[in-house]
Amino acid sequence: MTKPAMQLRRKFLLAFVLVALTIAGVLVVTFDSQRDAAVASASEDAAEQAELAASTIDRQLVEKRQSIAIAADHPELVDPDRVTRRQRVATIREQTDFEGVSVVAANGTMTALANEDGTGGDAVGGDFSDRAYVQAALNGRVYVSDPFTARTGNRIVVVSAPIRSDGEIVGTLNGAFYLSGSALFAPIERQSNYDTQIQVTEDGEALYADEEAIDSPVDGRAIVHTTGWTVTVDRRRSTVTAQIRRLAVAQAVAGIVMLGAVALFGLWIYRSDIRQAERLRDQFRRIENREYDHRVDLSGSTEWSEIGASANRLTETLARREQMLLVLNRLLRHNLRNSLNVIVGRADLIAGGDGDRDEDHADEIRSTAGELLHLSGRARKTEALITDDHAGFGTPVDVASVVAKRVAAFRKNNPDATVEVDASDSAYATVGSEFTTVVDELLANTVDHAGPAPNVRVTVARVDGCLGDATAERSNTIRWNWSGGNAASADAAGSRIAASESWFSQDRDDADGRDPQRLGAASPRRDDEVVEIRVTDDGPGVPPEERAVLSGEREIDPLHHTAGLGLWLTDWIISQAGGTVDIDCDDGTTVIVRLPVASAPEDGD
């Protein structure tokens with residue numbers, strides 16, 4: 001195998017290694033990302049669960065505060081009869097979920113007490129004025145105390161409310177509930193399991209906690225607003241990451257499958273397409289060497305066929321542009337040199353004092369300068385064609401309307417010319433805005449070759465024909481048909497075109513002669529009709545020297561070139577639009593332009 005192929009193999013192997021490393025890297029990054037996302041999601045879920053548990057506890061504490069505040073308004077609590085007061089306290093305990101209910105007078109003395117087992121009677125008569133919950137209630141607040149250890153050894157929380165008589169605080173009603181086994185924590189007990197544990201703490205002291213702590217948990221926290229307690233929900237990290245591990249295994253298997261698929265695909269590409277790449281490389285070398293008479297045929301897959309067609313289109317485009325540049329360069333150099341010689345010569349005569357003919361010299365200078373300006377305008381059009389090969393082409397244009405307008409302008413500028421127009425009301429073709437230049441150049445060509453007073457006939461019609469058939473035999477150069485005078489030259493020209501430029505017509509279009517994607521939104525109609533424009537004059541025809549250069553019989557050089565850019569511009573514009581140009585030089589000159597038919601645009605387009 002050749003050295004370039006060896007280099008391609010090494011590059012292919014390097015690309016495969018890079019792809020493998022990339023896939024492995026993506027799998028690793030994906031695993032880490034999904035693991036972190038899973039941990040973050042678990043942490044958010046834990047925080048939401050902690051918030052829910054805190055809200056549940058807070059709601060129960062609020063209900064306890066409300067029940068004590070409502071019970072404190074009962075008049076029997078201020079009844080002087082102690083028995084009545086004790087009965088009311090016992091009723092309150094039975095109707096609520098407090099483990100104990102007591103009444104403390106304004107002086108801090110406990111006057112009544114009711115609890116589950118009936119014990120604690122010795123507390124009645126005791127001084128409780130130093131208790132924070134008593135002080136808070138005597139100050140008019142409904143208060144929830146911090147957890148503390150009662151005389152019974154139980155951790156309790158007391159909810160207190162002021163007892164009023166005639167608007168004056170005369171004591172406090174106090175409800176105590178145990179933290180251990182309390183209904184306060186029953187809802188969160190149901191949420192705890194092996195993977196999820198909940199604890200409630202105050203200043204680091206556990207008020208509720210599961211027996212077994214979770215190591216390295218994913219946790220979430222929330223605050224009970226009524227008491228400031230902290231609720232913490234712990235999730236086992238191993239449970240959270242187990243699913244990610246399973247996903248990582250699946251991704252690893254998928255990565256191996258992907259690498260295998262890439263390897264098989266690469267092997268297929270290597271075995272079937274290396275030769276195609278070499279052919280394409282050789283074609284680009286030919287293009288670089290300006291060898292435009294070779295086509296590349298890339299067989300195999302559809303993609304390679306499309307690449308080959310693109311390479312051939314590129315070759316065609318570069319050949320056309322080089323031809324444009326060559327023509328433009330030769331013509332400009334020749335015309336500039338001749339015109340400047342005239343201008344300098346006339347200026348010297350004026351400077352020499354030939355006053356009798358100064359006006360004639362000035363007229364000649366102005367005329368020559370005007371010709372240069374006209375040539376410059378044509379050069380700008382050529383430059384536009386070179387820099388933007390297909391801009392505007394493919395737009396539906398009413399050829400009949402354009403011809404009518406340009407003929408009217410031609411008659412105005414050439415009053416001695418006789419122009420007869422035979423055109424239908426409308427004939428839309430796929431050509432674009434540059435078609436105006438074509439009509440102007442064809443009309444100007446009649447004056448160039450038939451004199452200042454030519455008889456010209458212009459016809460526009462839709463005729464039977466197929467551009468696909470026409471372009472199958474045409475080159476990028478105008479097709480010439482002439483009888484008499486120089487048949488040998490015609491044969492020589494045809495041989496030269498067939499030998500060096502016939503490849504332009506092959507595969508330049510997939511269907512109707514042009515690729516609609518290269519032309520624009522509008523596409524030609526696929527039928528057996530074309531729009532045909534004929535421009536006929538009664539002059540002697542294009543000179544043989546100019547025909548030889550235009551047809552390809554003679555190379556463009558400083559001694560042999562056409563007199564102007566008109567026919568070149570015509571051919572370039574029409575060929576780019578997918579049309580054809582034929583010139584018949586028999587008893588005058590007839591230029592025949594055929595273009596793809598297009599549907600008329602809808603109103604408002």
Side-chain angles (χ1 to χ4, degrees), residues 320 324 327-328 370-371 373-415 417 419-449 454 456-462 467 478 514 518-522 524 530-537 564-583 589-601 605:
R320 180 185 293 112
M324 289 179 180
V327 171
L328 189 61
E371 293 176 356
L373 289 174
H374 181 64
L375 181 62
S376 174
R378 289 182 170 183
R380 282 195 298 272
K381 290 183 181 293
T382 305
E383 179 186 6
L385 292 174
I386 294 174
T387 56
D388 200 351
D389 199 23
H390 299 292
F393 292 102
T395 304
V397 172
D398 187 354
V399 171
S401 175
V402 173
V403 168
K405 292 179 181 178
R406 301 320 302 165
V407 167
F410 178 76
R411 286 170 175 163
K412 182 177 180 181
N413 296 328
N414 299 272
V419 184
E420 179 183 354
V421 179
D422 181 7
S424 57
D425 293 337
S426 64
Y428 282 89
T430 306
V431 57
S433 58
E434 290 295 338
F435 181 68
T436 301
T437 302
V438 171
V439 179
D440 289 342
E441 294 296 343
L442 292 180
L443 292 174
N445 184 69
T446 62
V447 176
D448 292 339
H449 299 115
V456 183
R457 178 179 175 80
V458 181
T459 62
V460 179
R462 290 172 58 166
L467 288 174
I478 302 170
R514 300 298 288 175
R518 298 173 65 205
L519 294 175
V530 295
V531 175
E532 182 180 88
I533 305 97
R534 288 176 174 262
V535 180
T536 304
D537 63 57
L565 288 172
L567 291 177
W568 287 110
L569 285 172
T570 297
D571 182 49
W572 291 334
I573 293 171
I574 296 302
S575 64
Q576 287 179 217
T580 63
V581 179
D582 292 291
I583 298 180
T589 301
T590 300
V591 181
I592 306 168
V593 175
R594 295 185 179 89
L595 290 166
V597 171
S599 301
D605 287 354

With R457 via side chain to side chain donor-acceptor pair (under 3.5 Å) - residues at least two apart: E420, D422

Shortest non-hydrogen contact from R406 toward L443: O-CD1, 3.8 Å

Results of side chain to side chain donor-acceptor pair (under 3.5 Å) for T536 - residues two or more places apart only: T590

Side-chain heavy-atom pair V458, R534 within 4.5 angstrom cut-off: no

Pairing residues for D398 by the side chain to side chain contact (heavy atoms under 4.5 Å, CB included) criterion, not counting sequence neighbours: A400, S401, S426, Y428

Verdict with supporting geometry, V456 and V535, side-chain contact (heavy atoms from CB on, under 4.5 Å): CA-CA 7 Å; V456 183; V535 180; 4.0 Å; yes

D425 atom CG, over 12 foreign heavy atoms within 6.0 Å: no

Distance, nearest 0.5 Å, that separates CG of N445 from CD1 of I583: 7.0 Å

Minimum side-chain heavy-atom gap V397-V402 below 4.5 Å: yes

Contacts of V531 that satisfy side chain to side chain contact (heavy atoms under 4.5 Å, CB included) - sequence neighbours left out: V399, A427, A429, V460, R462, I533, V597

Closest contact, heavy atoms only, S599 versus P396: O-CB, 3.9 Å

Sequence-distant partners of V447, side chain to side chain contact (heavy atoms under 4.5 Å, CB included), two or more places apart: F410, N414, P454

For the student: nearest non-hydrogen atoms of R594 and I574, plus distance: O-CG2, 4.2 Å

Heavy-atom side-chain proximity of F435 to D440 below 4.5 angstrom: no

Any side-chain heavy-atom pair of L595 and V530 under 4.5 Å: no

